[in-house]
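Taking it in order: structure first as structure tokens, then the write-up.
Basis for what follows: all heavy atoms, side chains included, without hydrogens, waters or symmetry-related copies. Just so you know, ligand 1 is whichever comes first in the structure, and atom 1 is the first atom listed for that ligand.
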Amino acid sequence: MVFPIQLPHDAPFTPDQRAWLSDFLTQILAPGSHVPAPSGPAVPVTVLYASQTGTAEGLAKKLIKSLKKGNFAPELQDMATYDRSRLAHEKNLLIITSTYGDGEPPDSAADLHAWLMSDAAPRLESLSYSVLALGDTSYPDFCKCGIEFDTRLESLAAVRLYPRVDVDVDPDAPYSQWSAGVIAALCPTNSTAAPRSEPAESEETGYSKSNPFPAAVLENRNLNGPGDKQTHQIALSLADSDLAYQVGDALGVYPLNPANVVDEIIANLPFKASEVPAPDGSEVSLRHALIHHYDIGSLNKSIIQKWQAKSGSPFLRSLVAADDKKAYDDFCWGRDLIDLVIDHPADFNDAEEFVSILKKLQPRLYSIASSPRAHPGEVHLCVGIVRYQTFGRQRGGICSTFLADRLASAQPPRVYVHSNNAFRLPTDPATDVIMVGPGTGIAPFRAFLEDRKTTAALGRNWLFFGNPHRASDFLYQQELESFQADGTLARLDLAWSRDQKEKLYVQHLMLQSGAELWAWLQQGAAFYVCGDASRMAKDVDQALLQIASEHGKLSPDEAAAFISQLKKDKRYQRDVY
Ligand SMILES: Cc1cc2nc3c(=O)[nH]c(=O)nc-3n(C[C@H](O)[C@H](O)[C@H](O)COP(=O)(O)OP(=O)(O)OC[C@H]3O[C@@H](n4cnc5c(N)ncnc54)[C@H](O)[C@@H]3O)c2cc1C
Ligand SMILES: NC(=O)c1ccc[n+]([C@@H]2O[C@H](COP(=O)([O-])OP(=O)(O)OC[C@H]3O[C@@H](n4cnc5c(N)ncnc54)[C@H](OP(=O)(O)O)[C@@H]3O)[C@@H](O)[C@H]2O)c1
Ligand SMILES: Cc1cc2nc3c(=O)[nH]c(=O)nc-3n(C[C@H](O)[C@H](O)[C@H](O)COP(=O)(O)O)c2cc1C
């Protein structure tokens, strides 16, 4: 697929140069095309990435492949292991980073980021750089980490060779724009930009994010007993797909929106439903477009601003005029598109204008809960089903309710493998493993345990799991107990948060066994966390610091350095969401 290249408005070109360059870049990105090659000695380029769940890493590798087609000497570097003393000697640095938590760097970027922001960072006059910042506008601090790298390098006197591009969830088009822009900027103006004769990379074949696989559903079962929670074990067939995965990867799932909500939206629109363009340019019915292609879920500032421009709602007018972040957040919380349609009618001319303000429906990621060695040809997920009631309406998460409720009548779910090298079992099977995964955080650890069992890995395994009630929420109880019985699990610590008066969480159990946990770490164990990012993962991190300080007799600074070294050594990995 080729995207027309739009150059950023602040790119330093005249209108004529801009038009020519856009056209040129669009053409060179076409399948079968070549990357322009500066003449003379190969141009050194370091591609430095920081990724929490693999997207930035995937793009960095793709960029390296493109650079190798031209006269460049590209080098791939992970921020986790990057030797920062190199920075002052780099010539061309291309940074690709995501943002995590509440506007924080990914784990692998934390150290480099902190150092670069500090007074210890050197002047970088001889460095040329550009940043691709991955993020999601549904988070308040959109692309904050990439923005900080970009502005800090500029303040250290490095030269921006191409403007930063900020990515809102879907990287395809912005990545194409940015990579073409930086490659063009890396070619000296007097170079002949001669294409090399080597064959161009063939167009992507097989199943992928842009060509998802329709996977037959083998099993769809609620793992919870009667109670508030609903968590589904979903087994999908990968037969005839050629899709392969490793434990630690995630599966991307394209959901369909609920037809009943779509019908309610259409019934309340002021115009006659007609054909509309889908995001891929094809013409489909409005109903089809709203079920398959457009996001009718949660609201954000951008859609409210666009809606307000078409609506006479005094409330929306004052909300937009105030431009207050908290007021936007308060309004958006618990509301969806249907609330705008019904409560704040808007005067769209036609269906096409209406869909033009909607965002593309995005796939959701799920940590893979199976080992391919234990279940060849299958992939299993452990999905928490999101249901809640707000403003008098029963609502559901789009993808989790699609998987729980709408699979039978819909076509098979379309899926792809999202590789994540930042969440991998130790390469040495004799290494001990400590896993902390409450709630759906159990998913990758079921896969780890299956893998460690089928490979007869010698290292010990210790799992911390938690959920509200033992009676109803002990996910994979039989499997975990049999892992205990056959010795795969050396220890299983269970935190039932609501089975007693005081909350009991996984980190409380870690602290209770702090001496032993410290001993495991001292013997080389790797430490993994999966599940809720906003509270649990932070509290577990604090508990780990406390254990290092109490049982390792480390000062706060030494404990922090110990944790940071664990991350660098890839012995502390997190898959949190
Ligand atoms: C790398 C990664 C791995 C993941 N692995 C797993 C996994 O193994 N298992 C799993 O279950 N999930 C996992 N997730 C989360 C998953 O991707 C989805 O985010 C989750 O299933 C919710 O998606 P949804 O489409 O059902 O809900 P959405 O339609 O996206 O709705 C979620 C939104 O609903 C709103 N909402 C939810 N509850 C309430 C409430 N009580 N009141 C008001 N508003 C509310 C919030 O705005 C929330 O953001 C993972 C995420 C990532 C990034
Ligand atoms: N950021 C996100 O969007 C996000 C994050 C996590 C989960 N989810 C979604 O929410 C749904 C259910 O999630 P889930 O099954 O993974 O369960 P969960 O809500 O993460 O809860 C699992 C267990 O963790 C406990 N817990 C709560 N706060 C904690 C803390 N600070 N430290 C340690 N443990 C804590 C809970 O206890 P109590 O409930 O009793 O307090 C419960 O026993 C899923 O759809 C999932 O995708 C979304
Ligand atoms: C738990 C969580 C927190 C996130 N926080 C932010 C954020 O604060 N700002 C932002 O712009 N994007 C945020 N994102 C979106 C990611 O940056 C985005 O999905 C990115 O493509 C992930 O790239 P990676 O796979 O390379 O880590 C967050 C995503 C998750 C799952």
Side-chain angles (χ1 to χ4, degrees), residues 49-60 96-104 106 108 133-147 166-171 224 228-232 250-253 255 257 295-299 332-336 362-369 381-390 395-404 418 420 422-423 436-444 464-469 473 475 495-498 503-508 530-540 543 575-577:
Y49 69 87
S51 197
Q52 192 75 35
T53 58
T55 318
E57 182 181 0
L59 295 175
I96 305 182
T97 181
S98 58
T99 293
Y100 260 78
D102 304 318
E104 290 146 36
S108 57
L134 306 192
D136 180 340
T137 44
S138 57
Y139 290 91
D141 291 311
F142 177 53
C143 288
K144 187 167 178 225
C145 178
I147 293 171
D166 296 337
V167 176
D168 183 11
V169 184
D170 190 353
N224 296 92
D228 294 340
K229 288 204 118 181
Q230 197 186 346
T231 314
H232 278 220
L251 195 77
V253 178
N257 286 314
D295 185 0
I296 62 163
S298 42
L299 304 178
C332 292
W333 183 86
R335 289 191 170 87
D336 304 305
Q362 293 294 337
R364 273 47 168 184
L365 293 180
Y366 293 94
S367 311
I368 290 177
L381 306 178
C382 174
V383 179
I385 313 306
V386 177
R387 298 188 202 278
Y388 54 98
Q389 178 147 15
T390 44
R395 304 177 196 251
I398 299 294
C399 194
S400 56
T401 61
F402 165 66
L403 290 170
H418 179 94
N420 185 5
F423 202 73
V436 181
T440 53
I442 185 70
F464 290 88
F465 174 69
N467 236 346
H469 302 291
D473 307 321
L475 309 181
W496 306 114
S497 54
R498 302 185 201 176
K503 288 272 185 184
L504 181 69
Y505 289 154
V506 281
Q507 64 272 21
H508 301 139
C530 180
D532 172 61
S534 58
R535 297 158 301 151
M536 181 277 294
K538 287 181 180 154
D539 293 348
V540 165
D575 173 19
V576 294
Y577 42 89

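- The protein non-hydrogen atom at the shortest distance from atom 17 (O) of ligand 3 is Thr99 O, 2.7 Å.
- Shortest contact from atom 11 (O) of ligand 1 to any protein heavy atom: Gly384 N, 2.8 Å.
- For ligand 3, none of its N or O atoms has an N or O atom of His418 under 3.5 Å away.
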Mind listing the N or O contacts between ligand 2 and protein, cut-off under 3.5 Å?
{"from": "ligand 2", "atom 1": "1 (N)", "to": "Tyr577", "atom 2": "O", "distance (Å)": "3.2"}
{"from": "ligand 2", "atom 1": "15 (O)", "to": "Lys229", "atom 2": "NZ", "distance (Å)": "2.9"}
{"from": "ligand 2", "atom 1": "15 (O)", "to": "Thr440", "atom 2": "N", "distance (Å)": "3.3"}
{"from": "ligand 2", "atom 1": "16 (O)", "to": "Thr440", "atom 2": "N", "distance (Å)": "2.9"}
{"from": "ligand 2", "atom 1": "16 (O)", "to": "Thr440", "atom 2": "OG1", "distance (Å)": "2.7"}
{"from": "ligand 2", "atom 1": "17 (O)", "to": "Lys229", "atom 2": "NZ", "distance (Å)": "2.8"}
{"from": "ligand 2", "atom 1": "31 (N)", "to": "Asp539", "atom 2": "OD2", "distance (Å)": "2.8"}
{"from": "ligand 2", "atom 1": "32 (N)", "to": "Gln507", "atom 2": "OE1", "distance (Å)": "3.3"}
{"from": "ligand 2", "atom 1": "32 (N)", "to": "Gln507", "atom 2": "NE2", "distance (Å)": "3.1"}
{"from": "ligand 2", "atom 1": "37 (O)", "to": "Ser497", "atom 2": "OG", "distance (Å)": "3.1"}
{"from": "ligand 2", "atom 1": "39 (O)", "to": "Arg498", "atom 2": "NH2", "distance (Å)": "2.6"}
{"from": "ligand 2", "atom 1": "40 (O)", "to": "Ser497", "atom 2": "OG", "distance (Å)": "2.7"}
{"from": "ligand 2", "atom 1": "40 (O)", "to": "Arg498", "atom 2": "NE", "distance (Å)": "2.6"}
{"from": "ligand 2", "atom 1": "40 (O)", "to": "Arg498", "atom 2": "NH2", "distance (Å)": "3.4"}
{"from": "ligand 2", "atom 1": "40 (O)", "to": "Lys503", "atom 2": "NZ", "distance (Å)": "2.7"}
{"from": "ligand 2", "atom 1": "41 (O)", "to": "Lys503", "atom 2": "NZ", "distance (Å)": "3.0"}
{"from": "ligand 2", "atom 1": "41 (O)", "to": "Tyr505", "atom 2": "OH", "distance (Å)": "2.5"}
{"from": "ligand 2", "atom 1": "43 (O)", "to": "Asn467", "atom 2": "O", "distance (Å)": "3.4"}
{"from": "ligand 2", "atom 1": "43 (O)", "to": "Pro468", "atom 2": "N", "distance (Å)": "3.3"}
{"from": "ligand 2", "atom 1": "43 (O)", "to": "Ser497", "atom 2": "OG", "distance (Å)": "2.8"}
{"from": "ligand 2", "atom 1": "45 (O)", "to": "Gly384", "atom 2": "O", "distance (Å)": "2.7"}

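- The nearest protein atom to atom 35 (C) of ligand 1, hydrogens excluded, is given as Tyr388 OH, 3.4 Å; this is a heavy-atom distance.
- A distance of 11.5 Å separates CG of Leu299 from OG of Ser138, quoted to the nearest 0.5 Å.
- Nearest protein neighbour of atom 16 (C) of ligand 1, counting heavy atoms only, is Leu365 O, 3.4 Å.
- Only the side chain of Trp333 comes within contact range of ligand 1, with a heavy atom under 4.0 Å; no backbone atom does.
- Comparing Arg335, Arg387, Arg364 by heavy-atom distance to atom 19 (O) of ligand 1, the nearest is Arg364.
- The option from Ile296, Ile398, Asp532, Val253 that lies nearest to atom 29 (O) of ligand 1, judged by heavy atoms, is Ile398.
- For ligand 3, the atoms sitting less than 4.0 Å from at least one non-hydrogen atom of Gln52 are 24 (P), 26 (O), 27 (O), numbered in the order shown with element in parentheses.
- Not a single N or O atom of Ala250, backbone or side chain, sits closer than 3.5 Å to an N or O atom of ligand 1.
- For ligand 3, the polar-atom distance check finds an N/O of Gly101 within less than 3.5 Å of one of the ligand's N/O atoms.
- The protein heavy-atom contact nearest to atom 27 (O) of ligand 1 is Gly397 CA, 3.1 Å.
- Closest protein heavy atom to atom 26 (O) of ligand 1: Ser400 OG, 2.6 Å.
- Atom 52 (C) of ligand 1 has Tyr577 CB, 3.5 Å as its closest protein atom, hydrogens excluded (heavy atom only).
- Here Glu104 contributes atom CD and Asp102 contributes atom CG; the two are 5.5 Å apart, rounded to the nearest 0.5 Å.
- Distances between N or O atoms of Thr401 and those of ligand 1 include no value under 3.5 Å.
- Taking distance alone, with nitrogen or oxygen atoms compared against 3.5 Å, Asp102 stays at or beyond that limit from ligand 3.
- At least one heavy atom of Cys382 sits closer than 4.0 Å to an atom of ligand 1.
- With a 4.0 Å heavy-atom cut-off, ligand 1 is reached by the backbone of Ser367 and by its side chain too.
- Every N/O-N/O distance between Val576 and ligand 3 stays at or above 3.5 Å.
- For Gly54, a nitrogen or oxygen atom sits less than 3.5 Å from a nitrogen or oxygen atom of ligand 3, counting backbone and side chain alike.
- Counting heavy atoms closer than 4.0 Å to ligand 1, residue Val386 contributes side-chain atoms (C-beta onward) but none from N, CA, C or O.
- With respect to atom 21 (O) of ligand 1, the closest heavy atom belonging to the protein is Tyr366 OH, 2.7 Å.
- Here Tyr100 has heavy atoms under 4.0 Å from ligand 3 in both its backbone and its side chain.
- Cys530 and Pro438 make their closest contact through O-CD, 3.8 Å (heavy atoms, listed as atom of the first residue, atom of the second, distance).
- Using a non-hydrogen distance threshold of 4.0 Å, Pro106 does not register as a contact of ligand 3.
- In this structure, the side-chain contact (heavy atoms from CB on, under 4.5 Å) partners of Cys399, at least two apart in sequence or on a different chain, are Val253, Pro255, Arg364, Tyr366, Leu403.
- Geometrically, ligand 3 and Lys144 share no nitrogen or oxygen pair separated by less than 3.5 Å.
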